[in-house]
Protein chains: 2
Amino acid sequence: MQEPTLLLLTALADRPRHGYAIVQEVLAISGGRVRLRTGTLYGALDRLLKEELIEIYSEEAVDGRLRRSYALTACGRTTLTAEAERLRATAAEAQRRLGLALRLPRITPKGATT
Amino acid sequence: MQEPTLLLLTALADRPRHGYAIVQEVLAISGGRVRLRTGTLYGALDRLLKEELIEIYSEEAVDGRLRRSYALTACGRTTLTAEAERLRATAAEAQRRLGLALRLPRITPKGATT
DNA sequence: TGACATATGCCGTTGGACGACTTATGGTGC
DNA sequence: GCACCATAAGTCGTCCAACGGCATATGTCA
């Protein structure tokens, strides 16, 4: 699972949200770093609905325009929990290894002037 | 940055490694979950060389066959550090939100028999 | 009136990951 | 002696998630 998808699920973790609110929430979660494109958003929503990780929570007509809100399914919650744990472990291992780094002699293959 | 790439950089975080050793290391780091295909590996190595996140550390001829080993550059190390921190923060936020989950009434949009 | 936020959605492109394949050596077991 | 697996490096075509751009519509504020 890639970051945009994971952030999307995270945005639904505390409560259901509609499309535009998801974009705002992902922006907040990621500290302004990830601005979901609507192409990514609705593509991902369709995919996640198909995979039954999310479901339509409500459909209201606001000014004759459909407003859908989406929620995590139980399966989606389980998946997000697992993904978050996997991510945490991967990040921890990377940080551990960065700390372990050996101070190796720097070989300069092309005879660069060091 | 996607997971395979991040794991590849992580595999180089403690010391230089050649291609096959990277595959083994990524397998270990990920707890047997991620088996890098050689297509992914050499594609990523080429890309990361171009981006100067990694460099060729040594080239020895073993039995007339070239064996290259790759190392993180300073830039690669910085990037990996940043990516790991970003990942850690994302995972933490997901876990926090999973804990925050509201117990909302379950709306069953299609009149499903609960 | 024009700009911007809110809000939903489609479509074509791109790029990273993937699966399958090739080549080569050395060791282990039958 | 031969088959099979581990080690080792690499290519190529495909696929799909993400992306950028676009269309559409309403409400609000200057």
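The sequence lines fix the lettering, A, B, ..., with proteins before strands; numbering per chain opens at 1.
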To the nearest 0.5 Å, tell me how far B/R35 CZ sits from B/Q24 CD. 8.0 Å
Give a yes or no on whether B/E51 atom CD has more than 12 heavy-atom contacts from other residues, nucleotides or ligands under 6.0 Å away. yes
Nearest-0.5 Å distance, CZ of residue A/R67 to CD of residue A/E59: 13.0 Å
Would you kindly give the CZ-to-P distance between A/R33 and D/dA18, to the nearest whole Å? 14 Å
Separation of B/Y42 atom OH from C/dT23 atom P, in whole Å? 16 Å
Can you confirm whether A/R47 is buried at CZ, in the sense that more than 12 heavy atoms of other residues, nucleotides or ligands lie under 6.0 Å from that atom? yes
Tell me whether A/I54 is reachable from A/I56 by hopping between hydrophobic residues (I, L, V, M, F, W, Y) whose side-chain heavy atoms are closer than 4.5 Å. yes
Inter-axis angle, terminal five-pair segments of the helix from C/dT1-D/dA30 to C/dC30-D/dG1 [nearest 10°]: 10°
Can you tell me the distance, in whole Å, between the CZ atom of A/R47 and the P atom of D/dA17? 5 Å
Do B/Y20 and B/L45 share a hydrophobic cluster, counting only Ile, Leu, Val, Met, Phe, Trp and Tyr and linking them when any side-chain heavy atoms are less than 4.5 Å apart? no
Return no unless some side-chain N or O of B/R37 is found under 4.0 Å from OP1 or OP2 of C/dG19. yes
Of A/V23, A/L41, A/L53, which meets side-chain contact (heavy atoms from CB on, under 4.5 Å) against A/L8? A/L41
Quickly work out the A/M1 CE to D/dA18 P distance and round it to whole Å. 9 Å
Within the structure provided, determine whether B/M1 and A/E3 are in side-chain contact (heavy-atom separation under 4.5 Å). no
Test side chain to side chain contact (heavy atoms under 4.5 Å, CB included) on A/T90 and B/R33; report intermediate values, then the result. CA-CA 11 Å; A/T90 303; B/R33 201 170 35 80; 4.3 Å; yes
DNA chain D contacts made by residues 81-95 of chain B, counting heavy atoms under 4.0 Å: none
Give, for atom CZ of A/R86 and atom OG of B/S30, the distance between the pair rounded to the nearest 0.5 Å. 9.5 Å
Do the side-chain N or O atoms of B/R35 get closer than 4.0 angstrom to the phosphate oxygens (OP1, OP2) of C/dC18? no
Go through A/V34 and A/I29 one step at a time and tell me if the side chain to side chain contact (heavy atoms under 4.5 Å, CB included) criterion holds. CA-CA 9 Å; A/V34 179; A/I29 294 171; over 6 Å; no
For atom CZ of B/R68 and atom P of D/dT7, their distance in whole Å: 21 Å
Step by step, would you call A/L12 with A/L80 a side chain to side chain contact (heavy atoms under 4.5 Å, CB included)? CA-CA 10 Å; A/L12 295 179; A/L80 178 57; over 6 Å; no
Rounded interatomic separation in angstrom, taking CG from B/L9 and C1' from C/dG16: 14 Å
By nearest-heavy-atom nucleotide on DNA chain D, the more 5' of A/T5 and B/G43 is B/G43
B/T40 side chain: which of D/dA17, C/dC18, C/dC10 is closest? C/dC18
Within residues 17-27 of chain A: residues closer than 4.0 Å to DNA chain C (heavy atoms): A/H18, A/G19, A/Y20
Are any of B/R67's side-chain N or O atoms less than 4.0 Å away from OP1 or OP2 of D/dA8? yes
For A/I56 and C/dT8, give me the distance from atom CD1 to atom P, rounded to whole Å. 12 Å
Using whole Å, report how far CD of A/E3 lies from C1' of D/dA17. 13 Å
